[in-house]
**Q** 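The structure that follows is given in the form of structure tokens.
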Amino acid sequence: MLSQAISSLTDKLKQFNFQSPSDPIIQLSVNIKALPVIAWLSAQPIYPRIYWKGRDTEEEVSAIGSCKDFFYDEAVDDNQLAMAYQKQRALTNNQDIRYYGGVAFDRTTEPWPEFGRARFVLPRIELRRSGTEYKLLVNLNCENQDLESERQQAIESLASLAAPKPLPPPNKVSLLSRSDRPDHYHWTELVNRVTHPKFIKETPKVVLSRLTQLEVNEEINPWMLLACWQGRNPNSFQFGFQFSPDRTFISCTPERLFRRRQRELFTEALAGTTTRGLNQEEDALLAKQLMEDSKNSHENQLVKQHIVDVLTPLSNYVGAEETPKVFKLSHIQHLHRSIRAELKPGVDDFQLLLALHPTPAVGGLPKEPAMNFIRQREGYNRGWYAGACGYFNKYESEFAVAIRSALIEPGRINLFAGAGIVSGSEADAEWVELENKLATILSILTEI
């Protein structure tokens, strides 16, 4: 029972002796009976609320509150971020301590309110499921804190925990209006610019994206929306960040940026897209056409080669699948290649984030001219869309690329979709691809 776990953890806190030598970051935990993790999170009165579920791990986490919050709202240079990261990583050897957060797509542009250019949180309380095992954890930050006040705050946070309530049933929203930025006319203009022979010779790929804003006059429970999305695409990463009641960023993304265990690194090239078929035969035919399509194969090859190139100086070994496989989601299928590396000693997550993010699957190639074009021409601020979200600690980390995502605000749902523009791309076909990428979330929200 939740109440038993809370009282057991509270007793542990009261008895904990801060005087004994230990790390500045302390974590206490108790086992707990099974709880619906996402419904438990939705019921809590404390912010931030963070949810994380890996794509191919039997793990799910809900985290609330904060005992340490790294929030970078203003321009911040990479050295400052690297120093903060290294300092934090050195504070504990406990491999269960985790910092959850994200980095914006483009840290040079104006950030979303509350999300910043980068933000990472050491939560106060976590509910973690690993397979069929559940744990309730409490974190204490004793680095520069008054230890008794830290103990007291942790006890108060535990006392405020609420039992899970059922999520509201999915309901279709009434749309007041929909707007797209860029609109169809400007989209066509942008695609024609990028595919112009003179431009594409210097910049062979730019990933253009679109913000679709749905105006509604009812409250949307972001956790119900994420739970429904999860049901449609279980083989994706699912995560959500809610720093205040006003804004929640959720994502159900197929794309891994990287997973690191000690010096072993796993990443992937995910680029090239088609729809799913209405039956098995049609689905197999579409997958075969995707594999044989020169435009999509070229796009995937560009992404793979770039990842191998940026990882090579950081690694003793980098290996990538020679030919792509097809990765299937509910409404679309992608070309996918796995990439594995053995990192050189001392290479850390921050160096990996700098090297790999943003990938050519969300930015373009070469990185700088593609990013400049997006910055100047796309016409809206991506914020954490196409950014890197996940967690890190000393031993392991995992980051996903925040595509297939939504920002929920009062009276508005912001949806995002992108398409890789390379030689041979056609504006109308790419616009249809954007619609296909929004099909799953739109089918949950509206009668389409």
**Q** Measure from the side-chain N and O atoms of Ser8 to the backbone N and O of Gln4, and report whether any donor-acceptor pair falls under 3.5 Å.
**A**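 Not at all, since once roles are kept as given, no pair shorter than 3.5 Å links the two residues.
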**Q** Looking at every heavy atom in both Leu365 and Ala370, which two are closest together, and how far apart are they?
**A**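 Here Leu365 and Ala370 meet closest at N-CB, 3.9 Å.
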**Q** Quick check on Glu322: does its CD atom have over 12 non-hydrogen neighbours (other residues, nucleotides or ligands) under 6.0 Å away?
**A** no
**Q** Please confirm whether Tyr99 and Phe392 have ring centers closer than 6.0 angstrom.
**A**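 Yes, close enough.
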**Q** Please find the pair of heavy atoms, one from Asp349 and one from Asn393, that lie closest to each other, and give the distance.
**A**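 Closest approach of Asp349 to Asn393: OD2-O, 3.8 Å.
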**Q** Is the distance between the ring centroids of Phe399 and Phe258 under 6.0 Å?
**A** yes
**Q** If only side-chain N and O atoms count, and only distance matters, is there a donor-acceptor pair under 3.5 Å linking Tyr85 with Gln351?
**A** no
**Q** Less than 4.5 Å apart, any side-chain heavy atom of Gln27 and any of Asp96?
**A**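 Yes, side chains in contact.
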**Q** Is the shortest distance from a Lys or Arg side-chain nitrogen in Asp106 or Arg375 to a carboxylate oxygen in the other one below 4.0 Å?
**A**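 Arg375 and Asp106: salt-bridged.
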**Q** Decide, yes or no, whether a salt bridge links Glu396 with Arg260 under the criterion of side-chain N to carboxylate O below 4.0 Å.
**A**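 No.
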**Q** Hydrogens and angles aside, do Ser251 and Tyr385 bring a side-chain donor and acceptor to less than 3.5 Å of each other?
**A**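 Absent: no donor and acceptor within the cut-off.
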**Q** In terms of side-chain geometry, is the basic nitrogen of Glu321 or Arg337 positioned less than 4.0 Å from the acidic oxygen of its partner?
**A**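 Between Arg337 and Glu321 there is no salt bridge, as every charged N stays at least 4.0 Å from the carboxylate O atoms.
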**Q** Salt-bridge test for Glu59 and Arg128: reply yes if a basic N is under 4.0 Å from a carboxylate O, no otherwise.
**A** no
**Q** Quick one: do Glu58 and Arg129 make a salt bridge, cutoff under 4.0 Å?
**A** yes
**Q** Report yes if some heavy atom in the side chain of Ser209 is under 4.5 Å from a heavy atom in the side chain of Glu378; otherwise report no.
**A**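 Ser209 reaches Glu378 side chain to side chain.
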**Q** Between Trp384 and Phe243, how do the two ring planes meet: parallel, tilted or perpendicular, split at 30° and 60°?
**A**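 Perpendicular.
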**Q** Are any of the side-chain nitrogens in Glu143 or Lys68 under 4.0 Å away from the carboxylate oxygens of its partner?
**A**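 Salt bridge flag = yes for Lys68 with Glu143.
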**Q** With a 4.5 Å heavy-atom cut-off, do Leu140 and Arg124 have their side chains touching?
**A**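 Of all side-chain heavy-atom pairs linking Arg124 with Leu140, at least one is under 4.5 Å.
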**Q** Answer yes when Glu398 and Arg256 have at least one side-chain N-carboxylate O distance shorter than 4.0 Å, and no when they do not.
**A**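 Arg256 and Glu398: salt-bridged.
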**Q** Counting only heavy atoms not in Lys172, do more than 12 fall under 6.0 Å of its NZ?
**A**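 For Lys172, atom NZ is crowded (more than 12 foreign heavy atoms under 6.0 Å).
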**Q** When you check the gap from the basic side-chain N to the acidic O, do Asp183 and Arg181 get nearer than 4.0 Å?
**A**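 Between Arg181 and Asp183 there is no salt bridge, as every charged N stays at least 4.0 Å from the carboxylate O atoms.
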**Q** Using a strict cut-off of less than 4.0 Å between a Lys/Arg side-chain nitrogen and an Asp/Glu carboxylate oxygen, indicate whether Glu342 and Arg261 qualify as a salt bridge.
**A** no
**Q** Using a strict 4.0 Å threshold on nitrogen-to-oxygen distance, state whether Glu430 and Arg210 make a salt bridge.
**A**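 Result for this pair is no, no salt bridge flagged.
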**Q** Please find the pair of heavy atoms, one from Leu257 and one from Thr267, that lie closest to each other, and give the distance.
**A** O-OG1, 2.6 Å
**Q** Does a side-chain N-to-carboxylate-O contact under 4.0 Å join Lys304 and Glu299?
**A**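 Judged by the 4.0 Å cut-off on N to carboxylate O distance, Lys304 and Glu299 do not form a salt bridge.
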**Q** State, with a plain yes or no, whether a side-chain heavy atom of Ile408 is found less than 4.5 Å away from one of Phe249.
**A** no
**Q** Which atoms form the tightest heavy-atom contact between Cys389 and Trp52, and what is the distance?
**A**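 Taking every non-hydrogen atom into account, O-CZ3, 3.6 Å.
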**Q** In this structure, are over 12 heavy atoms from other groups packed under 6.0 Å from Glu219 atom CD?
**A**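 Result for CD/Glu219: open.
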**Q** Are more than 12 heavy atoms, taken from residues, nucleotides or ligands other than Lys344, located less than 6.0 Å from that residue's NZ atom?
**A** yes
**Q** Any Lys/Arg nitrogen of Arg119 or Asp69 sitting under 4.0 Å from an Asp/Glu carboxylate oxygen of the other?
**A**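 So Arg119 pairs with Asp69 through a salt bridge.
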**Q** Taking the basic N atoms (NZ, or NE/NH1/NH2) and the acidic carboxylate oxygens, is any pair closer than 4.0 Å for Arg151 and Glu148?
**A**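 Judged by the 4.0 Å cut-off on N to carboxylate O distance, Arg151 and Glu148 do form a salt bridge.
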**Q** Answer yes or no: are there more than 12 heavy-atom neighbours, outside Glu133 itself, under 6.0 Å from its atom CD?
**A** no
**Q** Counting C-beta onward and ignoring hydrogens, is there a side-chain heavy-atom pair between Ser236 and Arg404 closer than 4.5 Å?
**A** no
**Q** Answer whether the closest heavy-atom distance between the side chains of Arg340 and Tyr317 falls below 4.5 Å.
**A**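 Yes; the side chains approach each other to less than 4.5 Å.
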**Q** Tell me whether Asn300 contacts the main-chain N or O of Ala271 through its side chain, where contact means a donor paired with an acceptor under 3.5 Å.
**A** yes
